[in-house]
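Below: the structure, in structure tokens.
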Amino acid sequence: MDGHHELILDIERVLDLSTRQAVRAEFRFDPETPWLVSVELAIHDGPRVLWRIGRDLLQQGLHSMSGLDSVQVWPSQSAGRATARLQLVSQDMAALFELPSLPLAEWLAYTYELVPAGDELSEIDWDAASADLLRKPQAHCD
């Protein structure tokens, strides 16, 4: 699986109080960038949209309101089962999705087993990264 760990969920886009649209959501976690989760949303025979969402933001959103502006997640209930609402806003789109909480929570727990919270940046060689930045040629004005 080339280092990516996936979760595929059938979720719903909430169009209004009584109208829903089926959406396939593919969540991908890459231990190389553990602070992010890639979410690809696909409507049947429609466009695919890719979002990158903070892993901690998703985790917190299962329990309380999380996020600002373009990405927000919060817990909800639907037909007596625990769900989460995911709202995505860009310049040309705003969409509200409802997804089942349990499989997302279990998958996120798995990602935290792979890379524990707080360890996301521990693998970066800061000395090498800093030295690389200092070696970059800089423009000089004479």
Side-chain angles (χ1 to χ4, degrees), residues 1-140:
M1 198 169 10
D2 73 352
H4 294 272
H5 304 275
E6 297 180 335
L7 170 69
I8 298 175
L9 291 176
D10 291 318
I11 67 172
E12 294 181 327
R13 180 173 181 188
V14 180
L15 299 172
D16 60 41
L17 284 175
S18 61
T19 309
R20 305 289 181 104
Q21 181 179 36
V23 175
R24 169 70 47 107
E26 297 179 15
F27 294 80
R28 288 188 194 90
F29 174 75
D30 182 352
E32 296 291 315
T33 54
W35 51 89
L36 287 177
V37 170
S38 295
V39 183
E40 188 172 52
L41 303 165
I43 298 166
H44 181 67
D45 291 333
R48 300 176 80 84
V49 179
L50 180 66
W51 282 76
R52 287 180 179 83
I53 300 173
R55 180 174 67 155
D56 290 346
L57 186 152
L58 277 177
Q59 175 68 23
Q60 181 184 338
L62 294 175
H63 308 286
S64 62
M65 175 62 86
S66 177
L68 294 168
D69 301 327
S70 60
V71 178
Q72 292 184 314
V73 183
W74 64 94
S76 186
Q77 291 279 325
S78 180
R81 66 187 176 101
T83 61
R85 295 282 177 110
L86 169 63
Q87 181 170 291
L88 303 174
V89 179
S90 70
Q91 292 175 339
D92 55 354
M93 179 199 98
L96 177 62
F97 301 92
E98 187 170 64
L99 46 144
S101 292
L102 186 59
L104 181 58
E106 290 174 347
W107 181 77
L108 284 168
Y110 167 70
T111 72
Y112 282 106
E113 287 175 17
L114 293 173
V115 181
D119 286 357
E120 292 92 348
L121 301 178
S122 65
E123 296 300 313
I124 295 175
D125 183 342
W126 291 106
D127 289 336
S130 299
D132 190 45
L133 285 173
L134 295 174
R135 274 197 304 272
K136 297 274 186 230
Q138 299 190 358
H140 294 283

Open item on the list: A side-chain contact here means heavy atoms from C-beta on lying under 4.5 Å apart; do His5 and Arg28 qualify?
Closed with: no

TODO: For the residue pair Trp35 and Arg55, establish whether any side-chain heavy-atom pair is separated by less than 4.5 Å.
DONE: no

Task: Ionic contact status for Glu12 with Arg85, cut-off 4.0 Å - done: no

TODO: Over all heavy atoms of both residues, which pair between Ala82 and Gln77 is shortest? Give the atoms and the distance, please.
DONE: CA-NE2, 4.0 Å

Open item on the list: Within the 4.5 Å heavy-atom criterion, are Val49 and Ile43 side-chain neighbours or not?
Closed with: no

Task: Closest non-hydrogen atom pair between Val89 and Trp51, with its separation - done: O-CH2, 3.4 Å

- [ ] Answer yes or no: is there a side-chain heavy-atom contact under 4.5 Å between Arg20 and Leu15?
- [x] no

Open item on the list: I'd like to know if Arg24 pairs up with Glu26 as an ion pair, taking the criterion as any Lys NZ or Arg NE/NH1/NH2 lying under 4.0 Å from an Asp or Glu carboxylate oxygen.
Closed with: no

Open item on the list: Is the shortest side-chain heavy-atom distance between Arg48 and Leu50 below 4.5 Å?
Closed with: no

Task: With Phe97, the side chain to side chain contact (heavy atoms under 4.5 Å, CB included) member among Leu41, Val39, Leu9 - done: Leu41

Open item on the list: If I take atom CG from residue Leu58 and atom OG1 from residue Thr111, how far apart are they, to the nearest 0.5 angstrom?
Closed with: 9.0 Å

- [ ] Flag the pair Thr83 / Pro75 as yes when at least one side-chain heavy-atom distance between them is below 4.5 Å, and no otherwise.
- [x] no

Open item on the list: Parallel, tilted or perpendicular: which one describes the rings of Phe29 and Trp107, with boundaries at 30° and 60°?
Closed with: perpendicular

TODO: Rounded to the nearest 0.5 Å, what's the gap from OG on Ser78 to CD on Glu98? Could you check?
DONE: 4.0 Å

TODO: Could you grab the distance from atom CD1 of Ile53 to atom OG of Ser70, nearest 0.5 Å is fine?
DONE: 9.0 Å

- [ ] Could you pull out the closest heavy-atom pair between Leu57 and Ser66, with the gap in Å?
- [x] O-OG, 3.0 Å

Open item on the list: Do Leu88 and Leu86 make a side-chain contact, defined as non-hydrogen atoms from C-beta onward lying under 4.5 Å apart?
Closed with: yes

